[in-house]
Chemist: 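Starting off with a structure, shown below.
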Amino acid sequence: MTLSHRRFSFLHAFALVIGTVPSASAHAQSRPDSAPPLLPAVSVTATRTELVAAAQPISTSVFTAADLRASGVTQLADVLRLVPGATVLPGGSFGAQTGLFLRGGETDYTLVLVDGVPLNTPGGFFDFGQLTVDNIERVEVTRGPASILYGSDAVSGVVQIFTTRGAGAPRASASVAAGNYGARRVEGTAAGGDVFRWSVGGARHASAGILPFNNDFTNDVASAALSWTPGPWSFATTLRYTDHAYRYPTDGGGALVDSNTVTTTQRLVSALDARVQLRPAVLLSARASRNRGTPSIRDLPDGPADTLGFFGYISDATVTRDLAELRSDVTLGAQQWSLIVEHGHDREVSSSTSFSEYGDFPGDFSAERRTIALATQLLGNLGARTTYVIGGRRDDNSAFGVFHTGRAALAHAVTPSTSLRASVGNAFKAPTFFENFATGFTIGDPALRPERTTSVELGLAQTVLAGRASVGATYFAQRFRDIIQYAATVPTGTPNYANLAAARADGVEFEARWRLGPALQVHGGYTWLDTEVTDAGADEGASATFVDGDRLLRRPTHLAVAGLRWTPASTTIDVSATRTGARDDRDFRAWPATPVEQPAFTRVDVAVMRALPFVPSRMPVSATLRVENLLDVRYEAVANFRAPGRTVIAGLRAGR
């Protein structure tokens, strides 16, 4: 049993609704001469309990399926651009490796979930260039430490996507689109059900890329979800398969040197849930999940004459993450106590070979580690105005031992239109398998400690104009410690990795949203981020990754987003603009790397969807248009790796 939404109704009227846009159905129910209040969205990720997002004492953004359709986005990375404090880092063309800095944390400090299944590799990194939003019901982004609920990797936040759950009469949809840069997209879904609820979906995304050769990209997706609710029992299963391939001619400095390099990843995500309501106040649940990925790289000789230096490389790996969980939720009045027991098993088997004029250098790697975790959380109300959450967790890992995390958060209604919230917590990120167990040229250290953070957050939310507008501000401060670094010059037989560096990331996020009428809504946000390396560790010189007193690389001090959504009659127009400020980077075209400052840039995206009037209403058809980087701004999120220019994609969508 989850806490009733009504128990938190005292927060609905005044708390800031973060990152959500009501669907078109809300407009249809409103009087044409008045602007209805902003509607609350439901969020699960922050507390793993279903609550209205505005009632969460943790910063949360929610994007619904209606939001995704209206904006025309297909890549998760494009959704994240709209999240306060999020810096998206595509490494070049469509499908290129893409990282995320959330509130200044490292790119491996954000946990990514699909229906509760972790997608990150052991050690935290996730490539957002591989994840689309096909057959997705909702995207949630929680900012701040969340290791007490999710363990490793949830340092700066959690991103979770939820597969569509069918309901009601069967329905289907299909879409096709094409555009410049050889862009092609095909997608189809179907869903329905009552006691048995189901959904299936499939899609293909492809592009010829922006570079003159070897820059193709394909991403095939297949997903399914099924749930069954007989009486007090509930069973659910989810499957998601992706096959991603990206070709790139660039070396580490961005030079066009390779005619046939390709990286591929096939991934299967699966989960099975079972729940039983033993009595009105007691819910028991069990869960088993698996994430299995097979990443590979092929960088073969470019021709018969390509025989000098290191001229080729191949790598194959199988990475499996299994997770089993038992959970109990006991609800007493307005309080819910949760107890969670987890068992995780991570495995990686890989092989690689470097080809050179000096001979071939093969490398094999195999490792595993297990984690047993116990977590508890208390969530509820104190009186009529205060919501709280407090929890703790103990992780016992076979590689790095025991780690404890905790979090406490509070949201308080000062007046019917003003609320305050505060939270404090810590989190950790486990070392990668390579950092722990590498052998050969590089030696890992099994005694590495996890990287860790401590974070505090203070927020203010205010609604005005009878609930039609909201503003909010959030201050956050994070301290990162025990950051793992690579040291090239160490005595023979000594590990190359050690916990050495430290940094901080502080900032303020501002958000505003205003519904001007039943058909028009505007929103905006600004983030000021102040980062600093407080301990450079083993790094030396101005070209190092960590330089004492300098900003963390690729983190802009200023981030801003603004947008509007207008839904006149049978048309939806969505416009968003993101401004990314100047940031420090390194130019790796020569060694040692050269410090550079990347200039600020503004990206504007526009989407239009218009229902075709001559099509029967039982199978509506809409024409779609999305223009990314409307102003054709030339920019590099990563130095020397140019992002795509203006991209125009037009198509048709049939169904609901």
Side-chain angles (χ1 to χ4, degrees), residues 68 71-82 86-101 107 127-134 176-187 203-219 221 244-258 261-263 554 556 559 561 563 574-581 583 585 598-608 624-651:
L68 303 179
S71 62
V73 298
T74 58
Q75 302 293 317
L76 180 63
D78 290 330
V79 179
L80 299 177
R81 297 181 196 277
L82 307 178
T87 302
V88 179
L89 293 149
S93 184
F94 309 100
Q97 181 172 289
T98 301
L100 171 69
F101 291 139
T107 55
D127 178 7
F128 287 91
Q130 298 185 13
L131 190 53
T132 67
V133 294
D134 302 293
V176 294
N180 59 335
Y181 297 118
R184 306 175 304 282
R185 297 172 184 170
V186 180
E187 178 262 349
R204 161 161 273 224
H205 305 260
S207 170
I210 65 173
L211 299 178
F213 60 92
N214 194 41
N215 204 208
D216 294 352
F217 149 69
T218 58
N219 193 317
V221 185
H244 175 91
Y246 176 64
R247 297 181 178 274
Y248 57 98
T250 48
D251 62 10
L256 305 179
V257 296
D258 283 308
T261 305
V262 59
T263 177
R554 298 173 183 166
L559 276 169
V561 59
D574 188 278
V575 181
S576 65
T578 54
R579 175 73 172 177
T580 302
R583 57 239 175 262
D585 206 340
Q598 292 290 92
F601 67 90
T602 300
R603 169 173 160 161
V604 178
D605 299 331
V606 177
V608 180
T624 62
L625 175 69
R626 177 169 168 84
V627 184
E628 299 176 354
N629 194 4
L630 174 69
L631 304 180
D632 199 24
V633 174
R634 184 182 180 93
Y635 70 94
E636 297 171 353
V638 178
N640 303 318
F641 290 85
R642 179 167 59 92
R646 182 187 298 114
T647 306
V648 181
I649 302 174

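Every value quoted in this text rests on a predicted model; they were computed, and no experiment measured them.
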Chemist: Please confirm whether the backbone N or O of Thr261 pairs with a side-chain atom of Asn214, one donor and one acceptor, at under 3.5 Å?
Modeler: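 Yes, because the side chain of Asn214 sits within donor-acceptor range (under 3.5 Å) of the backbone of Thr261.
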Chemist: What is the distance from atom CG of Leu256 to atom OG1 of Thr250, rounded to the nearest 0.5 Å?
Modeler: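 That separation rounds to 7.0 Å.
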Chemist: Do Ser207 and Asp216 come within less than 4.5 Å of each other through their side chains, counting heavy atoms only?
Modeler: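 When only atoms from C-beta onward are counted, Asp216 and Ser207 do not touch, as no gap falls below 4.5 Å.
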Chemist: Sub-3.5 Å donor-acceptor pair from the side chain of Thr107 to the main-chain atoms of Leu100, do we have one?
Modeler: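 Such a contact is absent between Thr107 side chain and Leu100 backbone.
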Chemist: Taking all non-hydrogen atoms of both residues, which atom of Thr218 and which atom of Ala206 are closest, and how far apart?
Modeler: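 Residues Thr218 and Ala206, closest heavy atoms: CG2-CB, 4.1 Å.
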Chemist: Enter the distance from Leu76:CG to Thr132:OG1 here, rounded to the nearest 0.5 Å.
Modeler: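 One finds 9.0 Å between CG of Leu76 and OG1 of Thr132.
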Chemist: Hey, does His205 have a side-chain heavy atom less than 4.5 Å from the side chain of Asp134?
Modeler: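 Sidechains of His205 and Asp134: in contact.
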Chemist: What distance do Gln97 atom CD and Leu89 atom CG have between them, rounded to the nearest 0.5 Å?
Modeler: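 If I round to the nearest 0.5 Å, the distance is 10.5 Å.
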Chemist: Less than 4.5 Å apart, side chain to side chain, heavy atoms only: is that true for Leu630 and Asp632?
Modeler: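 No; the side chains remain at least 4.5 Å from each other.
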Chemist: List for me each residue that meets ring-ring contact (aromatic ring centres under 6.0 Å, His included) alongside Tyr248, sequence neighbours excluded, and say none if there are none.
Modeler: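 Checked Tyr248 against ring-ring contact (aromatic ring centres under 6.0 Å, His included); matches are Tyr246.
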Chemist: Would you please name every residue forming a side-chain contact (heavy atoms from CB on, under 4.5 Å) with Thr98, sequence neighbours left out?
Modeler: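 Scan of Thr98 (side-chain contact (heavy atoms from CB on, under 4.5 Å), adjacent residues dropped) gives Ala77, Val88, Pro90, Asp127, Phe128.
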Chemist: Which heavy atom of Ser71 sits nearest to which heavy atom of Ala607, and what is that distance?
Modeler: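 For Ser71 and Ala607, the tightest heavy-atom pair comes out as O-CB, 3.2 Å.
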Chemist: Testing the basics here: between Pro644 and Ser93, what is the closest heavy-atom pair and its distance to 0.1 Å?
Modeler: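 Looks like CG-CA, 4.2 Å.
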Chemist: May I ask you to decide if Ile210's main-chain N or O and Asn215's side chain share a donor-acceptor pair within less than 3.5 Å?
Modeler: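 The answer is yes, because a donor-acceptor pair under 3.5 Å joins these two groups.
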Chemist: Can you find a pair of side-chain heavy atoms, one from Thr87 and one from Leu559, that are under 4.5 Å apart?
Modeler: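 A side-chain contact exists here, since the closest heavy-atom pair is under 4.5 Å.
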Chemist: Kindly compute the distance separating OG1 (Thr580) from CZ (Arg81), expressed to the nearest 0.5 Å.
Modeler: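 Reported value, rounded in 0.5 Å steps: 8.0 Å.
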Chemist: Please name all residues satisfying ring-ring contact (aromatic ring centres under 6.0 Å, His included) with Phe641, sequence neighbours left out, ordered by chain then number.
Modeler: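 By the ring-ring contact (aromatic ring centres under 6.0 Å, His included) rule, Phe641 matches no residue at all.
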Chemist: Can you establish whether the number of heavy atoms outside Arg583 located under 6.0 Å from its atom CZ is more than 12?
Modeler: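 Counting neighbours around CZ of Arg583, more than 12 heavy atoms of other residues, nucleotides or ligands fall under 6.0 Å, so yes.
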Chemist: List in chain and number order the residues that pass salt bridge (Lys or Arg N to Asp or Glu O under 4.0 Å) with Asp585, two or more places apart in sequence or in another chain; answer none if no residue qualifies.
Modeler: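 Asp585 satisfies salt bridge (Lys or Arg N to Asp or Glu O under 4.0 Å) with Arg554 once adjacent residues are dropped.
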Chemist: Do Thr578 and Arg603 pair up side chain to side chain, a donor and an acceptor below 3.5 Å, judged on atom types alone?
Modeler: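 No, no side-chain donor-acceptor pair sits under 3.5 Å.
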Chemist: Taking the six-membered ring for Trp, are Phe217 and His244 closer than 6.0 Å centroid to centroid?
Modeler: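 Judged by ring-centre distance (under 6.0 Å), Phe217 and His244 do meet the cut-off.
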Chemist: Could I get the full list of side-chain contact (heavy atoms from CB on, under 4.5 Å) partners for Leu631, not counting sequence neighbours?
Modeler: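 With sequence neighbours excluded, Leu631 shows a side-chain contact (heavy atoms from CB on, under 4.5 Å) to Val604, Val633, given in chain and number order.
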Chemist: Show, in sequence, the C-alpha distance, side-chain angles and deciding distance for Val133 and Gln75, and conclude whether the side chain to side chain contact (heavy atoms under 4.5 Å, CB included) test is met.
Modeler: CA-CA 6 Å; Val133 294; Gln75 302 293 317; over 6 Å; no
Chemist: If every non-hydrogen atom of Ala650 is compared with every non-hydrogen atom of Leu625, which pair is closest and at what distance?
Modeler: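 Looks like CB-CD1, 4.1 Å.
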Chemist: Looking at Glu187 and Arg185, is there a salt bridge between them, counting it only when a charged N and a carboxylate O are closer than 4.0 Å?
Modeler: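 Looking at Glu187 together with Arg185, the answer is no, because their closest N to O distance does not fall below 4.0 Å.
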Chemist: Can you list the residues that meet the ring-ring contact (aromatic ring centres under 6.0 Å, His included) rule with Tyr635, with sequence neighbours excluded?
Modeler: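 Phe601.
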Chemist: Show the nearest heavy-atom pair for residues Asn180 and Arg646, with the distance to one decimal.
Modeler: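 Between these two residues, the closest heavy atoms are ND2-O, 2.9 Å.
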Chemist: Can you measure from CZ (Arg247) to CG (Asp258) and round to the nearest 0.5 angstrom?
Modeler: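 Between atom CZ of Arg247 and atom CG of Asp258 there are 12.0 Å.
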Chemist: Which is it for Thr647 and Asn629 under the side chain to side chain contact (heavy atoms under 4.5 Å, CB included) test, yes or no, and what are the steps along the way?
Modeler: CA-CA 7 Å; Thr647 306; Asn629 194 4; 5.8 Å; no
Chemist: Could you state the interatomic distance from CG (Leu80) to CG (Asp78), rounded to the nearest 0.5 Å?
Modeler: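 The CG atom of Asp78 is 8.5 Å from CG of Leu80, to the nearest 0.5 Å.
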